[in-house]
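The chains referred to below are lettered A, B, ... by the order of the sequence lines, with proteins before strands, and numbering in each begins at 1.
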Protein chains: 2
Amino acid sequence: MEDETFDIAGGSSVGAAQRVFHALSSAPRRKILAYLSASGLTAGEIADRFSMSKPAVSQHLSVLETAGLIRREKQGQFVHYSLIENNLVNTLNGFVQEVCPVGRPIKKESQARARVKEAP
Amino acid sequence: MEDETFDIAGGSSVGAAQRVFHALSSAPRRKILAYLSASGLTAGEIADRFSMSKPAVSQHLSVLETAGLIRREKQGQFVHYSLIENNLVNTLNGFVQEVCPVGRPIKKESQARARVKEAP
DNA sequence: AAAGTAATTAGGTAATTGCTTAATTAATGA
DNA sequence: TCATTAATTAAGCAATTACCTAATTACTTT
């Protein structure tokens, strides 16, 4: 596991958790993630769902991609975006674990459930 | 349950989820939450753990309090801060649920475990 | 009451963010 | 090849953020 104790103060470089939390701090970006949770969409389809300009949406997509929360796939002249679920859940879960004792049992349950799925 | 579909676009006022995510977007603030997860601390004790000025830390504490993530309790000339665990976990869990199908079983497990604790 | 300590508020500044419009790159189809 | 469509990059601007130092408020101690 990559323990960076979530990017605390001193470090000069910007860590992965910092990028994820920064990405999540914007309502439009969280809305984009919600759209993508239902299905992959092109940049244009995403932009259509907002009242802001296309370049603005494009920037939000770029922030989300840099954070490793979505993936970009060029198909002809379109760019398809889709959610990377793991990175989101792992970052939030890792954080909750460190901050909040309540989080720990949840993770254990989740692992137990995963094992059951592997060998039912 | 308070369903604001996490503060999407249109709304003029700033919603609760937005405040939480904004609060979490800062590394020093996440660090404060981590400190408080171990034990309550006074404003001064928190400030001592950072290299930035005391007023700067005070502002971070204020952001966290406004987001409902920590509570302030004045005791004599000291101000004691402590974590409000529920709000953090609920907001993140609520978000993961909406964005990420993977999240749903986690919440069900969590609720089941809660029921067991209520009536063991 | 005066001095000391804890914490916040006030005021100011440099850097960042979130948008805009205009320009550019890239793929498609007439 | 030339026009159209999709998307991004570039340039610029107003608003916000994150910090600082100085001043203030509120307790405590002598």
(message) Measure CG/L24(A) against C1'/dG18(C) and give the value in whole Å, please.
(response) 17 Å
(request) Report the nucleotide, chosen from dT5(C), dC20(D), dA18(D), that has the shortest atom-to-atom distance to any side-chain atom of M52(B). (result) dC20(D)
(request) State, to 0.1 Å, how close V14(B) and R19(B) come at their nearest heavy-atom pair, and which atoms those are. (result) O-NH1, 2.8 Å
(message) Rounding to an integer number of Å, can you tell me how far F78(B) CZ sits from dT8(C) P?
(response) 12 Å
(message) Of the options dC20(D), dT17(D), dT28(C), whose atoms approach the side-chain atoms of H22(B) most closely?
(response) dT17(D)
(message) How many whole angstroms separate atom CD of E65(B) from atom C1' of dT8(C)?
(response) 12 Å
(request) Report the nucleotide, chosen from dA7(D), dT9(C), dC27(D), that has the shortest atom-to-atom distance to any side-chain atom of K74(B). (result) dC27(D)
(message) Considering every strand and a 4.0 Å limit on heavy-atom distances, what is the contact class for T42(B): base, sugar-phosphate, or nothing?
(response) sugar-phosphate
(request) Send over the distance from Q18(B) CD to dG18(C) C1', rounded to a whole Å. (result) 13 Å
(message) What I'd like to find out is whether the side chain of R30(A) reaches to under 4.5 Å of the side chain of V99(B), using heavy atoms alone.
(response) no
(message) Taking 4.0 Å as the cut-off, does a side-chain nitrogen or oxygen of H60(A) come that near to OP1 or OP2 on dT17(C)?
(response) no
(message) What is the distance, to the nearest angstrom, from the CD atom on E73(A) to the C1' atom on dA7(D)?
(response) 16 Å
(request) Report which part of the nucleic acid A56(A) touches: base, sugar-phosphate, or nothing (heavy-atom distance under 4.0 Å, all strands). (result) base
(request) Would you mind reporting whether L69(B) and L24(B) have side-chain heavy atoms less than 4.5 Å apart? (result) yes
(message) Do L64(B) and Y81(B) have side chains that approach each other closer than 4.5 Å (heavy atoms only, starting at C-beta)?
(response) no
(request) Would you tell me if any nitrogen or oxygen in the side chain of S58(B) comes within less than 4.0 Å of OP1 or OP2 on dA7(C)? (result) no
(request) Round to the nearest Å and state the distance from I70(A) atom CD1 to dA7(D) atom P. (result) 13 Å
(request) Among dA18(D), dA7(C), dC19(C), find the nucleotide with the atom closest to the side chain of S26(B). (result) dA18(D)
(request) Measure from CG on L61(A) to C1' on dG18(C) and round the result to the nearest Å. (result) 14 Å
(request) Could you check Q59(B) against Y81(B) and say which one's nearest nucleotide on DNA chain C is further toward the 5' end? (result) Y81(B)
(request) Keeping the roles fixed (side chain from T91(B), backbone from N87(B)), state whether a donor-acceptor pair exists under 3.5 Å. (result) yes
(message) Both R72(A) and S53(B) contact DNA chain D. Which one's nearest nucleotide lies toward the 5' end?
(response) R72(A)
(message) So if I take every side-chain heavy atom of Q77(B) and compare against dT28(D), dA18(D), dT9(D), which nucleotide ends up nearest?
(response) dT28(D)
(request) Take atom NZ of K54(B) and atom P of dA26(D), then tell me their distance rounded to the nearest Å. (result) 17 Å
